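In what follows, a structure is listed as structure tokens, so that the remarks can point back to it.
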Amino acid sequence: MKKKYLFLSNRMGFRNWQDQDLMPLAHMNQNPGVMRFFPRVQTLSETKAFIQRMDTLYQDKGYAYFAVDRLEDQTFIGFIGLAWQTFVSPITPCVDIGWRLAPTFWGHGYATEGAQRCLEFGFQALGLQSIKAFAPLINQPSIRVMQKIGMQEQLRFKHPALKEDPRLEVCVAYEISNKTF
């Protein structure tokens with residue numbers, strides 16, 4: 001069955017979530033390596049709630065953390081996209097860019113390629129003025145992606161949802177505007 005994509009990059013298709021994405025995403029979210037920069041792995045019900053939130057976000061705003069497939073074989077590889085963030089912090093409310101990929105797809109440039117394409121989508125198709133990203137300071141792989149896609153460090157802050165985990169609490173925020181993109 002051919003999948004319907006909202007937009008493409010060179011190697012990936014970005015789409016809305018489907019029922020068959022639940023188990024592959026749940027498997028990723030239960031992998032301690034994938035979730036090493038989060039307080040804990042996620043349960044199946046938390047993963048299902050995440051997909052539902054992304055569906056609602058897409059209906060409300062026209063963007064979400066999209067399900068992403070590798071085009072050559074239509075394999076689900078994770079998510080990359082945009083989300084509206086409202087937790088209390090010096091950088092919110094804001095549109096943030098984020099990604100989570102299965103370990104098989106790490107180190108092949110998918111996160112950078114997909115994030116770059118999502119910036120294009122956000123600025124060109126949606127007319128956004130600014131997009132931010134944030135990660136715990138110890139999450140160097142994600143910080144490198146932020147830098148590779150042209151984002152600039154904005155500030156460091158203590159994430160309110162991570163205050164119980166001193167290893168993760170201090171985060172760094174990056175930003176890019178449509179004027180500098």
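On a predicted model such as this, the values are computed, not experimentally measured, just so you know.
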Exercise. Between Y110 and L6, is there a shared hydrophobic cluster once you connect ILVMFWY residues whose side-chain heavy atoms come closer than 4.5 Å?
Worked result: yes

Problem set entry | Exam field: side chain E164 to backbone A161, donor-acceptor pair closer than 3.5 Å | no

Problem set entry | Residue pairs fulfilling ring pair (Phe, Tyr, Trp, His ring centres under 6.0 Å) with at least one residue in residues 23-49, sequence neighbours excluded | none

Exercise. Tell me, do T47 and L22 make a side-chain contact under 4.5 Å, heavy atoms counted?
Worked result: yes

Exercise. Are I51 and M54 close enough, and set up right, to give a side-chain contact (heavy atoms from CB on, under 4.5 Å), and what steps lead you there?
Worked result: CA-CA 5 Å; I51 290 173; M54 292 305 105; 5.7 Å; no

Exercise. So if you build clusters from Ile, Leu, Val, Met, Phe, Trp, Tyr with side-chain heavy-atom gaps below 4.5 Å, do L119 and I91 land together?
Worked result: no

For this session: Treat each ILVMFWY residue as a node, draw an edge where side-chain heavy atoms are under 4.5 Å apart, and state whether L71 and I77 are in one component.
Result: no

Problem set entry | W84 side chain near L57 side chain, heavy-atom distance below 4.5 Å | yes

Exercise. Taking all non-hydrogen atoms of both residues, which atom of L162 and which atom of E169 are closest, and how far apart?
Worked result: O-CB, 3.5 Å

Exercise. Looking only at side chains, do S9 and E113 share a donor and an acceptor under 3.5 Å apart?
Worked result: yes

For this session: Return yes when atom CD of Q152 has more than 12 non-hydrogen atoms of other residues, nucleotides or ligands closer than 6.0 Å, and no otherwise.
Result: no

Problem set entry | Shortest non-hydrogen contact from F123 toward S130 | CE2-N, 3.9 Å

Exercise. Less than 4.5 Å apart, any side-chain heavy atom of Y5 and any of M12?
Worked result: no

Problem set entry | Single-linkage hydrophobic cluster, 4.5 Å side-chain cutoff, M35 and L137 together | yes

Problem set entry | Side chain to side chain, V41 and N31, heavy atoms closer than 4.5 Å | no

Exercise. Going by atom types only, do Y174 and D96 share a side-chain donor-acceptor pair under 3.5 Å?
Worked result: no

Problem set entry | Distance, nearest 0.5 Å, that separates CZ of R100 from CZ of F105 | 16.0 Å

For this session: Any chance you could lay out the side-chain contact (heavy atoms from CB on, under 4.5 Å) test for V68 and W99, step after step, and finish with the verdict?
Result: CA-CA 10 Å; V68 177; W99 45 84; over 6 Å; no

Exercise. Are side-chain N/O atoms of Q74 and D69 paired as donor and acceptor at under 3.5 Å?
Worked result: no

Exercise. Are F134 and F87 near enough that their ring centres are under 6.0 Å apart?
Worked result: yes

Exercise. How far does CZ of F14 sit from SG of C118, to the nearest 0.5 angstrom?
Worked result: 4.5 Å

Exercise. Side chains of R117 and N10: donor-acceptor distance under 3.5 Å anywhere?
Worked result: no

For this session: Output yes when a side-chain donor or acceptor of T180 lies under 3.5 Å from a complementary backbone atom of I176, and no otherwise.
Result: no

Problem set entry | Where H159 and C171 come nearest, the two heavy atoms and their spacing | CB-SG, 3.7 Å

Problem set entry | Spacing of OG belonging to S89 relative to CG belonging to L155, to within rounding of 0.5 Å | 8.0 Å

Exercise. According to a 4.5 Å side-chain heavy-atom criterion applied to Ile, Leu, Val, Met, Phe, Trp and Tyr, with indirect links allowed, do V95 and F157 form part of one hydrophobic cluster?
Worked result: no

For this session: Please identify each residue that fulfils ring-ring contact (aromatic ring centres under 6.0 Å, His included) with F121, with sequence neighbours left out.
Result: F7, F66

Exercise. Can any side-chain N or O of W17 pair as donor or acceptor with the backbone N or O of Y65 at less than 3.5 Å?
Worked result: yes

Exercise. Once you round to the nearest 0.5 Å, how far does CG of L82 lie from CG of L128?
Worked result: 6.5 Å

Problem set entry | Separation of S177 OG from K132 NZ (nearest 0.5 Å) | 11.0 Å

Exercise. Is R40 paired with E46 through a side-chain N to carboxylate O contact shorter than 4.0 Å?
Worked result: yes

For this session: Could you pull out the closest heavy-atom pair between H108 and R11, with the gap in Å?
Result: O-NH2, 2.9 Å

Exercise. Taking atom CZ of F76 and atom CE of M23, what is their separation to the nearest 0.5 Å?
Worked result: 12.0 Å

Seminar exercise, completed: Looking only at heavy atoms, the pair that brings A111 and I80 closest together is CA-CD1, 4.3 Å

Exercise. Is the CG atom of D19 crowded by more than 12 outside heavy atoms at less than 6.0 Å?
Worked result: no

Problem set entry | Closest contact, heavy atoms only, L168 versus P136 | O-CB, 3.6 Å

For this session: Before accepting this row, confirm whether a basic side-chain N of the pair R15/D21 lies closer than 4.0 Å to the acidic partner's carboxylate O.
Result: yes

Exercise. Is there a donor-acceptor contact under 3.5 Å from the side chain of T92 to the main chain of C94?
Worked result: no

